[in-house]
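Report on the following structure.
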Amino acid sequence: MKFQSVVSTITVAAILTPPPLLAQTVQERIDLGVAQRIREEGLERSQVADLARYLTDVIGPRLTGSSGMRRANEWTAEQFRNWGLTNVTIEPWGEFGRGWERVEFHGRIMTPFIQPLDAHPPAWSGSTDGTVRGPAVMVEIADTTELDRFRGRLRGAFVLVQEAVDMEPEWGYTQAPRRFTLDHMFDTLPPPRRPQTIIHRERP
């Protein structure tokens with residue numbers, strides 16, 4: 001009797017189900033011709049490499065609020081217009097603090113001997129009033145409660161907050177081998193390039 005009750009319930013539910021809901025189970029017909037055209041467009045006439053090259057090599061960094069982001073938005077909108085899109089606009093999305101752009105940075109380690117410092121200022125950091133000089137202090141803390149033991153020791157210092165990176169020897173590079181025989185050198189090295197003049201100027 002219980003089995004008959006379940007079957008009767010399913011039958012009543014099927015009868016009461018409106019036709020639109022039953023029609024949703026019909027599989028959508030796929031236009032294979034359109035799918036093939038999209039595939040050919042992506043594989044044979046793709047512009048992704050050219051677009052990415054312009055954004056990265058010509059416009060450059062596009063940090064939020066920066067002039068690079070503004071140039072990228074304007075260039076992208078112009079590309080859409082050239083492709084035939086209409087009513088292309090750059091929509092504002094809200095307020096975002098201040099803008100920031102990395103203009104110039106020079107660093108140098110002075111002791112125990114002079115050597116260049118390969119570093120980059122973090123985004124939205126403030127500028128210095130000309131050249132600044134100070135000691136480097138390694139700070140290892142788990143949370144802000146441990147800052148008290150450094151009170152009075154960090155003013156005017158360059159604070160290193162990350163662990164030192166263990167640099168391995170560069171013997172394993174395959175693109176630029178460090179050791180090779182003369183025969184290997186003449187077989188693999190590219191032809192010599194014309195000499196170039198490199199000019200390096202620092203802002204006074």
Side-chain angles (χ1 to χ4, degrees), residues 27-109 115-128 131 160-163 165-180 183-204:
Q27 186 175 3
E28 180 182 0
R29 182 177 180 181
I30 300 177
D31 191 334
L32 298 180
V34 173
Q36 182 63 26
R37 288 171 55 192
I38 295 174
R39 178 181 175 84
E40 292 178 356
E41 193 71 26
L43 295 178
E44 300 178 10
R45 292 177 292 276
S46 175
Q47 301 182 41
V48 171
D50 294 335
L51 298 176
R53 184 198 61 81
Y54 194 91
L55 284 172
T56 56
D57 296 344
V58 179
I59 296 179
R62 301 171 302 282
L63 187 70
T64 302
S66 67
S67 58
M69 178 180 178
R70 175 181 53 79
R71 291 193 300 268
N73 290 340
E74 294 173 352
W75 176 80
T76 303
E78 186 62 26
Q79 287 295 311
F80 287 156
R81 297 187 186 100
N82 293 337
W83 291 338
L85 277 70
T86 58
N87 299 327
V88 178
T89 58
I90 301 176
E91 296 287 347
W93 57 272
E95 297 181 359
F96 184 83
R98 62 178 181 177
W100 189 88
E101 185 174 9
R102 184 176 59 196
V103 177
E104 188 175 10
F105 172 82
H106 297 284
R108 183 177 299 171
I109 301 173
Q115 53 183 314
L117 174 64
D118 185 12
H120 301 277
W124 298 293
S125 59
S127 301
T128 60
T131 302
L160 309 179
V161 295
Q162 295 181 347
E163 296 182 0
V165 179
D166 187 13
M167 302 295 293
E168 297 292 337
E170 299 180 352
W171 310 127
Y173 283 179
T174 56
Q175 291 85 354
R178 300 295 192 228
R179 297 177 178 178
F180 42 76
D183 293 337
H184 176 77
M185 179 181 69
F186 288 114
D187 290 340
T188 58
L189 289 181
R193 301 176 58 186
R194 296 179 58 186
Q196 297 179 351
T197 302
I198 299 177
I199 301 177
H200 177 72
R201 294 182 297 179
E202 294 188 3
R203 180 180 299 175

Residue pair [X] / [Y]: nearest heavy atoms and the distance that separates them:
{"X": "Ala72", "Y": "Leu55", "result": "CB-CD2, 4.1 Å"}
{"X": "Ser125", "Y": "Pro122", "result": "OG-O, 2.7 Å"}
{"X": "Leu117", "Y": "Phe105", "result": "O-CE2, 4.3 Å"}
{"X": "Ser66", "Y": "Pro61", "result": "OG-O, 4.5 Å"}
{"X": "Ile59", "Y": "Gly68", "result": "CG2-O, 3.5 Å"}

Exercise for review: Would you sort out whether His106 and Thr131 count as a side-chain contact (heavy atoms from CB on, under 4.5 Å), showing the intermediate values?
Suggested key: CA-CA 9 Å; His106 297 284; Thr131 302; over 6 Å; no
Please indicate whether [X] has more than 12 foreign heavy atoms, meaning atoms of other residues, nucleotides or ligands, lying under 6.0 Å from its [atom1].
{"X": "Leu85", "atom1": "CG", "answer": "yes"}
{"X": "Arg37", "atom1": "CZ", "answer": "no"}
{"X": "Arg45", "atom1": "CZ", "answer": "yes"}

Point to revise | Check against side chain to side chain donor-acceptor pair (under 3.5 Å), Ser67 and Glu101 | key: CA-CA 7 Å; Ser67 58; Glu101 185 174 9; 3.0 Å; yes
**Study point:** Derivation of the side-chain contact (heavy atoms from CB on, under 4.5 Å) call for Ile109 and Gln115
**Key:** CA-CA 5 Å; Ile109 301 173; Gln115 53 183 314; 3.7 Å; yes
Exercise for review: Decide if the gap between the ring center of Trp75 and the ring center of Phe80 is smaller than 6.0 angstrom.
Suggested key: no
Exercise for review: Starting from the C-alpha separation in whole Å, work towards a yes-or-no answer on side-chain contact (heavy atoms from CB on, under 4.5 Å) for Asn82 and Gln79.
Suggested key: CA-CA 5 Å; Asn82 293 337; Gln79 287 295 311; 4.3 Å; yes
Practice item. Dump the intermediate steps for side chain to side chain donor-acceptor pair (under 3.5 Å) on Ser46 and Glu44, then the final yes or no. Key: CA-CA 6 Å; Ser46 175; Glu44 300 178 10; over 6 Å; no
Practice item. Could you go through the side-chain contact (heavy atoms from CB on, under 4.5 Å) check for Gln47 and Trp83 one step at a time? Key: CA-CA 12 Å; Gln47 301 182 41; Trp83 291 338; 3.9 Å; yes
